[in-house]
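None of these values were measured; they are calculated from a predicted model.
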Amino acid sequence: EPGAAAVPCALRLEARIIVFDPKKPIIKGETVLFHYQSVSEPANVTKLVALLHKSSGEVLKRKPRALPRNSTAVVQITLHKEVPLELYKDVKSLGRFMLREEGQTIAAGVVTRILPPKRRDPSVDAGGGADAL
């Protein structure tokens, strides 16, 4: 039931978005403003997962290079700071957001998954360094 548990905070999320009419197609690495409720937080589009058919939702292309205007897609977004987020399927009104760039709303979306924070690869720290001599 809503309100029974604390709202989860997230740095990374997967979302289904509808691209409006941005000045240029959305690409991986794009810096955007993530507008959610009263929060406006810088974020990056870190992965273009799939381009979807507008009405059926079926996958048209996996890992597209860019998202053109009027397209529907699944993307991963990494926020610069943790934001309390709800999944759209759990709380519809709290699962929606907008992406803005240069004062223009470029996309609207719904949160489909909250992703765990990326961890540093432990193999980078193992082996090597002065103590390995």
Side-chain angles (χ1 to χ4, degrees):
E1 76 191 74
V7 175
C9 282
L11 269 177
R12 298 175 62 234
L13 62 125
E14 190 167 270
R16 194 173 64 242
I17 65 168
I18 295 171
V19 179
F20 298 140
D21 189 13
K23 293 181 176 91
K24 59 190 188 323
I26 297 174
I27 57 170
K28 180 181 168 179
E30 190 97 29
T31 300
V32 293
L33 264 181
F34 181 86
H35 278 271
Y36 175 77
Q37 304 301 359
S38 61
V39 175
S40 181
E41 192 58 44
N44 292 88
V45 177
T46 40
K47 188 174 186 184
L48 305 181
V49 179
L51 202 54
L52 305 177
H53 186 278
K54 257 204 166 90
S55 48
S56 72
E58 84 180 83
V59 174
L60 296 177
K61 186 176 185 182
R62 294 211 176 273
K63 294 187 179 174
R65 289 181 51 177
L67 304 179
R69 67 206 270 171
N70 302 324
S71 59
T72 301
V74 175
V75 297
Q76 286 182 6
I77 296 169
T78 301
L79 300 157
H80 292 198
K81 219 167 52 192
E82 277 197 336
V83 170
L85 286 177
E86 288 280 6
L87 297 179
Y88 180 72
K89 70 177 179 62
D90 295 340
V91 187
K92 291 205 176 346
S93 61
L94 297 178
R96 294 187 178 102
F97 63 90
M98 301 286 220
L99 295 180
R100 292 177 61 85
E101 190 177 57
E102 297 172 13
Q104 178 192 19
T105 301
I106 59 169
V110 295
V111 180
T112 54
R113 266 194 326 156
I114 292 174
L115 303 170
K118 278 217 162 145
R119 303 212 187 294
R120 276 187 54 139
D121 185 351
S123 65
V124 172
D125 300 324
D131 50 17
L133 297 174

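We find the CD-OG1 distance between Gln76 and Thr112 to be 9.0 Å, quoted to the nearest 0.5 Å. Here the straight-line distance linking atom CD1 of Ile114 with atom CG of Leu11 works out to 11.0 Å at 0.5 Å rounding. Between Arg113 atom CZ and Arg16 atom CZ the span is 13.5 Å, to the nearest 0.5 Å. A distance of 10.5 Å separates CG in Leu48 from NZ in Lys61, rounded to the nearest 0.5 Å. Here Ile18 contributes atom CD1 and Thr72 contributes atom OG1; the two are 5.0 Å apart, rounded to the nearest 0.5 Å. In this structure, CD on Glu102 lies 5.0 Å from NZ on Lys23, to the nearest 0.5 angstrom.
Of all non-hydrogen atoms in Cys9 and Glu82, the two that sit nearest each other are CB-OE1, 3.6 Å. Of all non-hydrogen atoms in Ser40 and His35, the two that sit nearest each other are OG-CE1, 3.2 Å. Across all their heavy atoms, Ala108 and Met98 have their closest contact at CB-SD, 3.6 Å. Nearest heavy atoms, Ile27 versus Arg65: CG2-O, 3.8 Å.
Grouping the Ile, Leu, Val, Met, Phe, Trp and Tyr side chains by contacts below 4.5 angstrom, directly or via other members, places Leu87 with Leu85. Under a hydrophobic-cluster definition in which Ile, Leu, Val, Met, Phe, Trp and Tyr are linked whenever side-chain heavy atoms come within less than 4.5 Å, directly or via other members, Val45 and Leu33 are assigned to different clusters. Under the 4.5 Å side-chain heavy-atom criterion for Ile, Leu, Val, Met, Phe, Trp and Tyr, Val91 and Phe97 are members of the same hydrophobic cluster. Cluster annotation: Val49 and Val110 are assigned to distinct hydrophobic clusters (Ile/Leu/Val/Met/Phe/Trp/Tyr, side-chain heavy-atom contacts under 4.5 Å, transitive). Linking ILVMFWY residues whenever their side-chain heavy atoms come closer than 4.5 Å, directly or via other members, leaves Val74 and Leu67 in distinct clusters.
Residues Lys28 and Lys47 form no side-chain contact, since every pair of their non-hydrogen atoms from C-beta on lies 4.5 Å or further apart. Within the 4.5 Å cutoff, the side chain of Leu13 has heavy atoms near those of the Leu79 side chain. Residues Arg69 and Pro22 meet the side-chain proximity criterion, which asks for heavy atoms closer than 4.5 Å. Counting heavy atoms from C-beta on, the side chains of Lys81 and Phe34 never come closer than 4.5 Å.
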(request) Apply the test side chain to side chain contact (heavy atoms under 4.5 Å, CB included) to residues Tyr36 and Leu94: give CA-CA distance (whole Å), side-chain angles for both, the deciding distance (0.1 Å), then the verdict. (result) CA-CA 8 Å; Tyr36 175 77; Leu94 297 178; 3.7 Å; yes
(request) Given side chain to side chain contact (heavy atoms under 4.5 Å, CB included), test Val59 with Leu52 step by step and report yes or no. (result) CA-CA 5 Å; Val59 174; Leu52 305 177; 3.9 Å; yes
(request) Test side chain to side chain donor-acceptor pair (under 3.5 Å) on Thr105 and Arg100 and set out the steps. (result) CA-CA 4 Å; Thr105 301; Arg100 292 177 61 85; 2.6 Å; yes
(request) Could you check Thr31 against Asn44 for side chain to side chain donor-acceptor pair (under 3.5 Å), going step by step and ending with a plain yes or no? (result) CA-CA 5 Å; Thr31 300; Asn44 292 88; 3.0 Å; yes
(message) Could you go through Ile106 and Ile26, starting from their C-alpha distance and side-chain angles, then the distance that decides it, and tell me whether this counts as side chain to side chain contact (heavy atoms under 4.5 Å, CB included)?
(response) CA-CA 9 Å; Ile106 59 169; Ile26 297 174; 3.9 Å; yes
(request) Apply salt bridge (charged side-chain N to carboxylate O under 4.0 Å, His left out) to the pair Glu30 and Lys24, showing each step before the final yes or no. (result) CA-CA 11 Å; Glu30 190 97 29; Lys24 59 190 188 323; 3.0 Å; yes
(message) Determine whether Arg96 and Tyr88 satisfy the following criterion, side chain to side chain contact (heavy atoms under 4.5 Å, CB included), listing intermediate values before the conclusion.
(response) CA-CA 7 Å; Arg96 294 187 178 102; Tyr88 180 72; 3.6 Å; yes
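Surrounding NZ of Lys54 are more than 12 heavy atoms belonging to other residues, nucleotides or ligands, all under 6.0 Å away.
When atom types are taken as modelled, the side chain of Ser71 and the backbone of Pro68 share a donor-acceptor pair closer than 3.5 angstrom.
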